[in-house]
There are 2 protein chains.
Amino acid sequence: MKEYCKFESALSILVGKWKPVILLQLISNGTMRFSELQKSIPDINKKMLTQQLRELEYNDIVHREVYNQVPPKVEYSISEYGKGLSAVLQPLNDWGATHIAHMNALYGEDRAGNESK
Amino acid sequence: MKEYCKFESALSILVGKWKPVILLQLISNGTMRFSELQKSIPDINKKMLTQQLRELEYNDIVHREVYNQVPPKVEYSISEYGKGLSAVLQPLNDWGATHIAHMNALYGEDRAGNESK
DNA sequence: CAGTATCCAGCTGGATACTG
DNA sequence: CAGTATCCAGCTGGATACTG
């Protein structure tokens, strides 16, 4: 196993256009229903939300709880194992803030964020 | 500025098929010439190597030193600022190793790495 | 409510040939 | 040696319509 394989393994969890936002939502709000997640991320559509959640579930980061009732109810939350990832994400998030500032200092406010999210 | 913007900012540095490998090479070997990098990453081609290095340079992670001579000589290294990122990468790398083991435990050795790097 | 199916545009990466 | 230019295949994300 090559060294960078570990990086890839960790990165593969985070890569995907909506995964960071989804993770952030679940980390700060705890358990959320599918529709709550959708409301909290206005620009996402059902297909993408489902897809990204399934990938996070496959990697055991997110837990999916299905209530067998009509109308259906499905709740998502960070799994026990997934909480280990949250800890790793914190320094990354902090560094991200630093980096935005650094880019602003180098290139100016306008060009740094690229899309001003 | 939304919260996940920080994540995106940090992730954008790492995303790109060859960036983790390039970073790892420069971190462990220090200063390297373009051709040395190319030799150390057999499957990469010049276009990709150039492109990824330019992006890392734009983000001030990698320093590019051009020696004005014939034949040309260009050396790459992690910038002072970039060293701050290396520290953040370490926990990510460690977690990556954990995650590979976790996936192996869940799904078995064969399906975990997907391509056995 | 919580999805799935289909189809398509745009971006990313790669093969190949050329250059100061 | 250290690149640039061109062109194209495949993957990722998104719009839209349908469903148990």
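Side-chain atoms are counted along with the backbone in the values below, which use heavy atoms only and exclude waters and symmetry mates. To find a chain, count down the sequence lines: A is the first, B the second, and so on, and within it residues start at 1.
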Taking only N and O in the side chain of B:Arg33, is any of them less than 4.0 Å away from OP1 or OP2 of D:dC1? no
Looking at A:Lys19 and A:Glu55, is there a salt bridge between them, counting it only when a charged N and a carboxylate O are closer than 4.0 Å? yes
Which atom of B:Gln69 lies closest to which atom of B:Lys73, heavy atoms considered: NE2-CB, 3.6 Å
Which whole-number value in Å describes the distance from B:Glu65 CD to D:dA2 P? 13 Å
A:Ile41 CD1 to C:dA2 C1': how many Å, rounded? 15 Å
Short side-chain N/O contact from A:Arg54 to OP1 or OP2 of C:dT4, under 4.0 Å: yes
Please name the pair of heavy atoms, one in B:Ser9 and one in A:Gly96, separated by the smallest distance, quoted to 0.1 Å. OG-O, 3.4 Å
Dot-bracket line, read 5' to 3' along DNA chain C, where crossing pairs take [ ] and | marks a partner on another strand, Watson-Crick or G-U under 3.5 Å: ||||||||||||||||||||
Atom-to-atom span, CD of A:Gln38 to C1' of C:dT4 - whole angstrom: 14 Å
How many whole angstroms separate atom CG of A:Leu49 from atom P of C:dC1? 14 Å
Measuring to OP1 and OP2 of D:dC1, would you say a side-chain N or O of B:Tyr76 lies under 4.0 angstrom away? no
Do the non-hydrogen side-chain atoms of B:Leu49 and B:Ile22 ever get within less than 4.5 Å of each other? yes
Could you give me the CA-CA distance, side-chain angles and deciding distance for B:Thr50 and B:Phe34, then say whether side-chain contact (heavy atoms from CB on, under 4.5 Å) is met? CA-CA 9 Å; B:Thr50 306; B:Phe34 184 87; 3.6 Å; yes
Of B:Lys39 and B:Thr50, the one whose closest nucleotide on DNA chain D sits nearer the 5' end is B:Lys39
Are the side chains of B:Cys5 and A:Ile100 in touch, meaning some heavy atoms are under 4.5 Å apart? yes
Enter the distance from B:Leu14:CG to B:Leu92:CG here, rounded to the nearest 0.5 Å. 6.5 Å
Please confirm whether the ring centroid of B:Tyr81 lies under 6.0 Å from the ring centroid of A:His99. yes
Can you measure B:Lys73 atom NZ to D:dC1 atom P for me and round it to whole angstrom units? 13 Å
In short, salt bridge (Lys or Arg N to Asp or Glu O under 4.0 Å) pairs touching residues 82-92 of chain B with sequence neighbours left out are B:Glu80-B:Lys83
What protein N or O atoms touch nucleotides 13-20 of chain C N or O atoms at under 3.5 angstrom, if any, and at what distances?
{"unit_1": "C:dG13", "atom_1": "OP1", "unit_2": "B:Lys17", "atom_2": "N", "d": "2.9"}
{"unit_1": "C:dG14", "atom_1": "OP1", "unit_2": "B:Lys17", "atom_2": "NZ", "d": "2.2"}
{"unit_1": "C:dG14", "atom_1": "OP2", "unit_2": "B:Trp18", "atom_2": "NE1", "d": "2.9"}
{"unit_1": "C:dG14", "atom_1": "N7", "unit_2": "B:Lys47", "atom_2": "NZ", "d": "2.9"}
{"unit_1": "C:dG14", "atom_1": "O6", "unit_2": "B:Lys47", "atom_2": "NZ", "d": "2.0"}

For C:dA2 and A:Ser35 - does any side-chain N or O of the residue sit under 4.0 Å from the phosphate oxygens OP1/OP2? yes
